[in-house]
Amino acid sequence: MTQSVVIQVGQCGNQIGCCFWDLALREHAAVNQKGIYDEALSSFFRNVDARVVGDGGSISKGKISSLKARAVLIDMEEGVVNEILQGPLRDVFDSKQLITNVSGSGNNWAVGHKVFGSAYQEQILEKLRKSAEHCDCLQCFFIIHSMGGGTGSGLGTFLLKVLEDEFPEVYRFVTSVYPSSEDDVITSPYNSILAMKELSEHADCVLPIDNQSLFDIISKIDLMVNSGKLGAAVKPRSLVTASAEALRKRHKKPFDAMNNIVANVLLSLTSSARFEGSLNMDLNEISMNLVPFPQLHYLVSSLTPLYTLADVNIPPRRLDQMFSDAFSKDHQLIRANPRHSLYLACALMVRGDVQISDLRRNIERLKPSLQFVSWNQEGWKTSLCSVPPVGHSHSLLALANNTCVKPTFLELRERFTRLYKKKAHLHHYLQVDGMEEGCFTEAVSSLSALIEEYDRLDATKGMPVQNLPRLSIAV
């Protein structure tokens with residue numbers, strides 16, 4: 001059994017991380033009712049003997065003593081991390097695995113990357129090595145951060161290079177929350193473009209998630225609940241959309257529900273590594289099968305269903321609807337329509353009471369309406385995990401390497417150009433040691449090169465599929 005370490009960076013990264021650990025504990029508690037420390041738990045948690053002073057003795061089997069998350073928490077402001085340490089999850093985090101400051105990065109990528117990166121590199125490395133030492137077989141680092149702020153974008157992407165140098169064999173999966181066009185951080189286009197260059201060069205897979213899409217999804221669920229169209233079919237305590245009572249409070253604080261959706265993407269992504277199933281998919285298989293070219297590693301995610309249906313026995317129509325929804329623009333976690341764009345590859349990660357025949361039937365049903373590149377017409381990767389999310393009978397996470405991600409990058413470049421043409425706010429960056437205007441031009445050139453790659457692929461859309469001659473075998 002392999003292990004993964006979660007690195008949550010900045011305010012957004014730590015808030016999503018907090019939701020992730022809360023849901024992960026509830027998910028394992030629903031399955032592991034005897035309180036035994038098993039392989040499934042070991043993928044994200046250590047079992048520590050609290051009576052041992054110092055580093056705490058790890059217990060590899062038997063009863064759960066004290067669970068500690070395989071996590072490193074980093075923020076250059078201490079507010080969110082302190083909130084976590086005073087909350088119900090305080091005992092899950094090892095106090096030696098936290099790095100905080102008080103000044104913050106001031107929404108400035110250069111401060112996060114250049115200043116705090118240099119200042120905290122050794123400390124970060126020490127925490128990462130310690131986390132790795134506690135793993136029998138470390139397979140993946142999950143980095144959770146936002147692109148718009150200073151710490152998440154700057155220090156979050158600084159980390160990637162550190163991980164690549166120190167742990168070159170360990171996969172780097174990054175969940176990046178992109179700012180919406182109504183973002184209140186004026187410098188977010190600068191921060192996002194500078195971070196994008198690092199993501200393209202040093203990540204293995206990136207799951208871009210758009211704040212506006214999350215907000216739209218939550219608003220849609222609210223509308224359905226409040227209109228009474230779903231009646232009693234919606235469970236208000238669904239883990240996918242909300243923590244307890246968040247449905248009632250969501251109009252006041254929608255971020256909890258938005259963060260929970262992202263946390264559930266990570267839970268579904270790792271479900272095959274943690275639980276039994278008739279078709280397992282390892283994390284290395286995602287990268288191997290979905291990333292045909294090194295820099296085109298941006299995977300568009302969609303999660304269905306987004307609310308819990310009350311009945312457990314699913315009529316086929318409803319199950320088929322779940323597959324259809326995964327390819328509709330309303331369920332994508334960035335503003336995109338994959339049906340109108342070109343697929344390089346697609347993974348379907350199904351959880352719950354679903355048969356392989358259901359999976360195959362739906363792929364055959366959907367294939368005619370989806371455009372795949374001519375050289376990868378059968379570019380599907382599938383997994384079936386028998387354990388569904390808590391409160392669900394089944395769920396589906398779709399990961400698509402699809403050119404529909406391009407408009408997000410185009411909009412980002414446009415917003416960057418508007419600011420950069422006026423040289424607005426540039427002095428805040430250039431006064432940081434090691435930061436030059438060349439950093440901006442290199443970053444926007446890197447993004448433009450990425451967009452051109454997607455353009456080249458889009459130009460092949462609709463090209464006839466070549467039926468290559470097969471080898472004839474002499475008998």
Side-chain angles (χ1 to χ4, degrees), residues 4 6-8 12-24 26-27 43-44 71 140-147 171-178 199 203-218 221 238-243 255-275 281 283 286-287 290 297-308 322 325-328 330-336 338 346-352 381 383 385 387-392 394-402 405 408:
S4 297
V6 176
I7 309 170
Q8 35 202 75
C12 173
N14 277 291
Q15 285 171 334
I16 291 171
C18 188
C19 287
F20 170 78
W21 294 109
D22 178 32
L23 299 188
R26 287 201 255 169
E27 188 166 278
S43 57
F44 277 115
C140 185
F141 286 108
F142 286 100
I143 297 100
I144 311 172
H145 74 134
S146 74
M147 300 288 278
Y171 284 92
R172 297 174 297 282
F173 272 72
V174 188
T175 303
S176 301
V177 178
Y178 281 66
L199 288 180
D204 288 307
C205 282
V206 179
L207 305 183
I209 290 172
D210 175 16
N211 252 333
Q212 190 59 49
S213 291
L214 293 176
F215 188 79
D216 291 347
I217 286 167
I218 294 302
I221 295 167
S238 160
L239 289 197
V240 169
T241 53
S243 51
F255 293 111
D256 284 346
M258 290 160 69
N259 290 341
N260 273 6
I261 290 179
V262 183
N264 268 278
V265 168
L266 294 174
L267 283 178
S268 292
L269 185 66
T270 58
S271 60
S272 261
R274 294 179 293 129
F275 300 117
M281 190 193 302
L283 290 166
I286 296 172
S287 177
L290 264 61
H297 54 233
Y298 294 88
L299 307 179
V300 179
S301 50
S302 61
L303 193 65
T304 62
L306 288 169
Y307 51 82
T308 309
M322 177 179 80
D325 287 346
F327 295 90
S328 79
D330 292 341
H331 284 72
Q332 308 306 312
L333 300 190
I334 64 166
R335 281 171 295 169
C346 184
L348 299 178
M349 309 183 81
V350 185
R351 301 183 63 181
K381 184 69 186 163
S383 76
C385 169
V387 178
V390 178
H392 285 244
H394 63 302
S395 77
L396 166 63
L397 170 66
L399 296 177
N401 195 337
N402 188 298
V405 76
T408 299

- Query: Can you list the steps and then say if C18 with N14 is a side-chain contact (heavy atoms from CB on, under 4.5 Å)?
  - Reply: CA-CA 6 Å; C18 188; N14 277 291; over 6 Å; no
Check [X] against [Y] and note the closest heavy-atom contact, atom names and distance.
X    : Y    : result
N401 : Y298 : OD1-O, 3.9 Å
Q332 : I217 : O-CD1, 3.9 Å
C19  : N260 : SG-OD1, 2.9 Å
L269 : M349 : O-CE, 3.3 Å
V390 : R26  : CG2-O, 3.8 Å
L399 : L290 : O-CD2, 3.6 Å

- Please identify each residue that fulfils salt bridge (Lys or Arg N to Asp or Glu O under 4.0 Å) with D325, with sequence neighbours left out.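 D325 satisfies salt bridge (Lys or Arg N to Asp or Glu O under 4.0 Å) with no other residue.
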- Item | With R274 via salt bridge (Lys or Arg N to Asp or Glu O under 4.0 Å) - residues at least two apart |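 So R274 forms a salt bridge (Lys or Arg N to Asp or Glu O under 4.0 Å) with E27.
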- Mind checking side chain to side chain contact (heavy atoms under 4.5 Å, CB included) for A71 and listing every partner two or more places apart, or none if nothing turns up?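 Only W21, A69, L73, F93 meet the side chain to side chain contact (heavy atoms under 4.5 Å, CB included) criterion with A71.
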- Can you sort out the partners of C140 under side chain to side chain contact (heavy atoms under 4.5 Å, CB included), two or more places apart, ordered by chain and number?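 Once residues adjacent in sequence are excluded, the partners of C140 under the side chain to side chain contact (heavy atoms under 4.5 Å, CB included) criterion are S4, F142, Y171, F173, L283.
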- Task: Determine yes or no for a side-chain-to-main-chain donor-acceptor pair under 3.5 angstrom, with S268 supplying the side chain and V265 the backbone.
- Result: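 Here the side-chain-to-backbone pair does not exist.
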- Query: Is the side chain of T304 donor-acceptor paired with the backbone N or O of M322 at a distance under 3.5 Å, no angle test?
  - Reply: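 Side chain of T304 to backbone of M322: a pair is present.
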When you compare the side chain of [Y] with that of [X], does any pair of heavy atoms fall below 4.5 Å?
X    : Y    : result
S43  : T270 : no
F275 : R351 : yes
L299 : I286 : yes
S395 : L303 : no
H297 : D204 : no
V300 : L333 : no

Can you name the side chain to side chain donor-acceptor pair (under 3.5 Å) partners of [X], sequence neighbours left out?
X    : result
N402 : none
H331 : S328
Y178 : none
S383 : none

- Kindly determine whether L199 and S176 satisfy side-chain contact (heavy atoms from CB on, under 4.5 Å), including the steps that lead there. CA-CA 9 Å; L199 288 180; S176 301; 3.6 Å; yes
- Say you draw a straight line from CG of N264 to CD1 of I16; how long is it, rounded to the nearest 0.5 Å?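 So the CG of N264 and the CD1 of I16 are separated by 12.0 Å.
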- Task: Could you please spell out the steps behind the side-chain contact (heavy atoms from CB on, under 4.5 Å) verdict for I261 and I209?
- Result: CA-CA 10 Å; I261 290 179; I209 290 172; over 6 Å; no
- Task: Would you mind telling me which of D216, D330, D210 makes a salt bridge (Lys or Arg N to Asp or Glu O under 4.0 Å) with R335?
- Result: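 Of the listed options, the one satisfying the test is D210.
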- Task: Apply the test side-chain contact (heavy atoms from CB on, under 4.5 Å) to residues V6 and L266: give CA-CA distance (whole Å), side-chain angles for both, the deciding distance (0.1 Å), then the verdict.
- Result: CA-CA 10 Å; V6 176; L266 294 174; 5.9 Å; no
